[in-house]
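Here's the structure we're looking at; comments come further down.
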Number of protein chains: 2
Amino acid sequence: MPLTLEDIARLSGVSRSTVSRVINHDPNVSETTRQKVQEVLDQIGFQPNLAAKGLVSGKTNIIGVVIPTNVIKIFSDPYFPLLLQGISASCNALGYFVMLWLSEPEYEHRMISQILHNGLIEGVIIASVPLRDSIVNSLVDSHIHFLMVGRHPLLDVSYLDVDNVQAARNAVMHLVHLGYKRIATITGDLDQISGADRFQGYLNALREAKLPFSQLLIAEGNYSEEGGYKAMQRLIKQKPEAVFIASDMMVYGAMRALREADLRIPEDIALVGFDDLSNSAKTNPPLTTVRQPISKMGNLAAEALIEMIETDSTEKKRIIVDTELVVRQSCGAYLSGAAVN
Amino acid sequence: MPLTLEDIARLSGVSRSTVSRVINHDPNVSETTRQKVQEVLDQIGFQPNLAAKGLVSGKTNIIGVVIPTNVIKIFSDPYFPLLLQGISASCNALGYFVMLWLSEPEYEHRMISQILHNGLIEGVIIASVPLRDSIVNSLVDSHIHFLMVGRHPLLDVSYLDVDNVQAARNAVMHLVHLGYKRIATITGDLDQISGADRFQGYLNALREAKLPFSQLLIAEGNYSEEGGYKAMQRLIKQKPEAVFIASDMMVYGAMRALREADLRIPEDIALVGFDDLSNSAKTNPPLTTVRQPISKMGNLAAEALIEMIETDSTEKKRIIVDTELVVRQSCGAYLSGAAVN
DNA sequence: TTGTATGCGTTATCAT
DNA sequence: ATGATAACGCATACAA
């Protein structure tokens with residue numbers, strides 16, 4: 001039922017090609033006809049048929065977004081919704097569409113094939129791929145425009161990331177400066193570059209502060225609340241003075257474990273987190289955490305990818321987004337006293 | 001660069017149309033040629049060009065998913081990721097693609113226009129629309145296949161929902177049966193049908209139990225953690241014995257408020273929640289809550305919509321998904337004692 | 001059962 | 001500056 005170029009052409013008394021030119025801002029149109037056509041266009045609210053456009057020109061204004069969910073639990077983390085929101089918002093603003101793949105391993109092969117060959121996807125944003133995942137190699141080989149959220153340590157690809165190593169180092173140094181010596185860590189998923197990098201930052205800080213490293217002060221928490229809970233239960237026995245926790249989701253779990261053990265934060269154990277999920281659930285007491293502007297990162301990722309698409313650039317982008325160490329705001333009594341907690 | 005039907009035809013020694021028939025399971029193909037062609041197809045991993053297919057047949061196997069984010073905070077709720085995951089999984093399994101709109105008000109008009117007229121979208125799943133949102137009317141008028149997640153009280157549309165009224169009633173009756181008389185509620189966003197329905201369920205239970213209704217025992221919490229926190233702060237002054245909280249996200253906030261006020265759960269105030277977000281963050285103490293199988297609902301929604309598309313059915317679906325009242329599992333000391341908490 | 005021919009709505013090339 | 005026309009890759013009506 002939707003109207004076509006031909007219809008618009010008839011309604012405005014010009015040819016199909018002229019209408020096409022107006023739509024695509026071709027300068028070779030006289031101002032008068034341009035206005036005349038544009039008027040009809042606006043009145044109708046004309047939308048070009050994307051399939052036809054894509055078929056002939058390859059331009060579809062569709063990007064793919066791939067988020068692996070091998071670890072389903074990871075999706076309980078508000079990180080992904082926020083990232084998606086950022087991506088979606090920028091795409092809306094720039095006239096692009098988002099096609100979403102929450103990839104499951106059993107369909108991964110077919111998914112890649114679809115993305116690369118269905119002729120609709122002009123570029124791909126891919127987030128949180130495990131380090132050894134082959135999907136990245138497939139994308140590299142395909143020469144499709146793509147951008148990773150989270151750096152890749154080996155391949156020469158475009159990515160957007162925060163400096164996880166440095167941010168984690170700063171977070172731990174914050175604890176150091178407050179006088180804590182026995183500093184533990186709950187790591188994220190070490191198969192993710194972010195998990196590995198944050199752990200590296202922790203190690204760097206210990207070295208810098210000349211604090212002893214102990215395997216006993218390291219607990220892997222795989223980014224889930226449950227993981228944080230169990231990791232903290234293990235750490236409690238080691239009586240750390242402070243813990244650097246590689247994601248706020250794990251902080252929630254860690255806090256639960258501490259409450260159950262009747263340990264106070266920060267008097268008995270001080271915590272520093274990572275992610276700043278304070279928009280979803282605040283903590284009591286408030287938490288010092290590394291703030292990543294997640295939604296903003298989604299914006300930037302989309303904008304960068306779209307630029308790559310539109311300039312057809314083959315140059316690899318490296319976008320590093322700033323983080324900051326913040327005391328998460330919380331309401332109520334605990335706010336004033338808590339420098340770290 | 002991708003291969004076309006013509007290429008496959010050449011490689012398997014038949015005509016383009018025969019290949020097309022094989023792909024589309026046309027019975028009018030001899031078994032021998034079918035096998036021959038299929039072999040080439042498999043080997044190549046052929047993917048038909050969606051744009052061309054869509055252009056000629058209208059079949060693109062793409063559905064749209066629309067989630068309004070006027071209230072950005074709402075997206076901190078793991079509800080949407082879970083729903084998306086379910087939708088995505090079923091679409092993967094059925095060979096469909098998901099195009100995502102996290103709609104912002106300022107682009108909503110254009111978005112609708114895009115969805116309806118770009119010629120790619122075969123159907124739409126739309127979740128959590130505010131009751132007065134005009135987008136639903138646009139969809140109805142357009143005659144595109146669509147399905148709402150969350151019922152619509154006025155319009156005759158297809159939807160999938162839980163019976164929020166009954167589930168909320170059951171949750172409150174659970175408190176009643178435990179002997180609580182002074183039962184308060186923290187409502188969700190009352191502009192959402194789910195919020196309104198859960199509140200209605202609360203009212204129904206009070207009436208059924210012949211408990212007095214008091215405006216003072218009702219606090220609106222808009223589904224956010226922060227909303228739950230503030231609502232509980234207000235309720236505490238009214239000294240309720242128990243509170244029905246219309247979402248688990250708000251429970252987290254409510255628990256934070258109770259901790260700050262040094263009130264124990266359930267000894268001082270008992271809580272019942274709604275949603276069962278225990279996969280994201282468990283609580284301590286554990287919580288009795290209404291479990292919605294959110295991811296499963298995503299599955300069902302996608303499957304229902306796809307069936308509507310493929311049968312081109314105009315009949316309106318009404319899918320009601322069961323809920324159950326569960327004691328959320330938690331680890332640790334609090335599990336055994338807590339019937340309600 | 002198979003092949004040939006047409007057209008979907010758009011962009012791009014070529015005339016004018 | 002504008003119009004006519006040829007693709008794009010596929011499904012399908014029609015011919016054989």
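Please read all numbers here as calculations on a predicted model, not as lab measurements.
- At least one side-chain nitrogen or oxygen of B:Asn24 sits closer than 4.0 Å to the OP1 or OP2 atom of D:dA11.
- Donor-acceptor pairing under 3.5 Å is recorded for the side chains of B:Tyr223 and B:Ser194.
- Within the 3.5 Å criterion, the main-chain N or O of B:Gly95 finds a donor-acceptor partner in the side chain of B:Asn61.
- In this entry the distance linking NZ of B:Lys59 with C1' of D:dC10 reads 15 Å, nearest Å.
- Among the candidates B:Leu84, B:Ile67, B:Val149, the single residue satisfying the side-chain contact (heavy atoms from CB on, under 4.5 Å) test with B:Tyr79 is B:Val149.
- Residue contacts for B:Ser30: at a heavy-atom cut-off of 4.0 Å it reaches the sugar-phosphate backbone alone, with no base atom in range.
- Within the 3.5 Å criterion, the main-chain N or O of B:Val37 finds no donor-acceptor partner in the side chain of B:Ser12.
- For the pair B:Arg21 CZ and D:dC14 C1', the computed distance is 11 Å after rounding to whole Å.
- No donor-acceptor contact under 3.5 angstrom links the side chains of A:Asn49 and B:His117, judged on distance only.
- A donor-acceptor contact under 3.5 Å is formed by the side chain of A:Ser17 with the base of D:dA4.
- Summarising the geometry, the separation between CD on B:Glu6 and P on D:dC8 is reported as 10 Å, rounded to the nearest angstrom.
- Summary of helix geometry: the two end axes of the helix from C:dT1-D:dA16 to C:dT16-D:dA1, each defined by five base pairs via their C1' atoms, are inclined to each other by 40° (rounded to 10°).
- Minimum atom distance to the side chain of A:Val56 is reached by D:dA7, of the listed D:dA13, D:dA7, D:dC10.
- In the set C:dT2, C:dT11, D:dT12, C:dT11 carries the atom at the smallest distance from any side-chain atom of A:Ser57.
- Taking only side-chain atoms of B:Leu55, from C-beta outward, the nucleotide of D:dG9, C:dG3, D:dC10 with the closest atom is D:dG9.
- Separating the CZ atom of A:Arg16 from the C1' atom of C:dG7 is a distance of 12 Å, rounded to the nearest angstrom.
- Phosphate proximity of D:dC8 to B:Thr4: absent, as no side-chain N or O sits under 4.0 Å from OP1 or OP2.
- Contact between A:Leu116 and A:Ser138 at its shortest, heavy atoms only, is CD1-O, 4.2 Å.
- In the set D:dC10, D:dA7, D:dA4, the nucleotide with an atom closest to the side chain of A:Ser15 is D:dA4.
- The residue B:Asn49 sits close only to the backbone: its heavy atoms come under 4.0 Å of sugar-phosphate atoms, none of a base.
- Atom CG of B:Asn28 and atom P of D:dA11 are 16 Å apart (whole Å).
- The 12-atom threshold is not exceeded at CD of B:Glu315, counting heavy atoms of other residues, nucleotides or ligands nearer than 6.0 Å.
- Among the atoms of the strands shown, only primed sugar atoms or phosphate atoms (P, OP1, OP2) are found under 4.0 Å from some heavy atom of B:Leu5.
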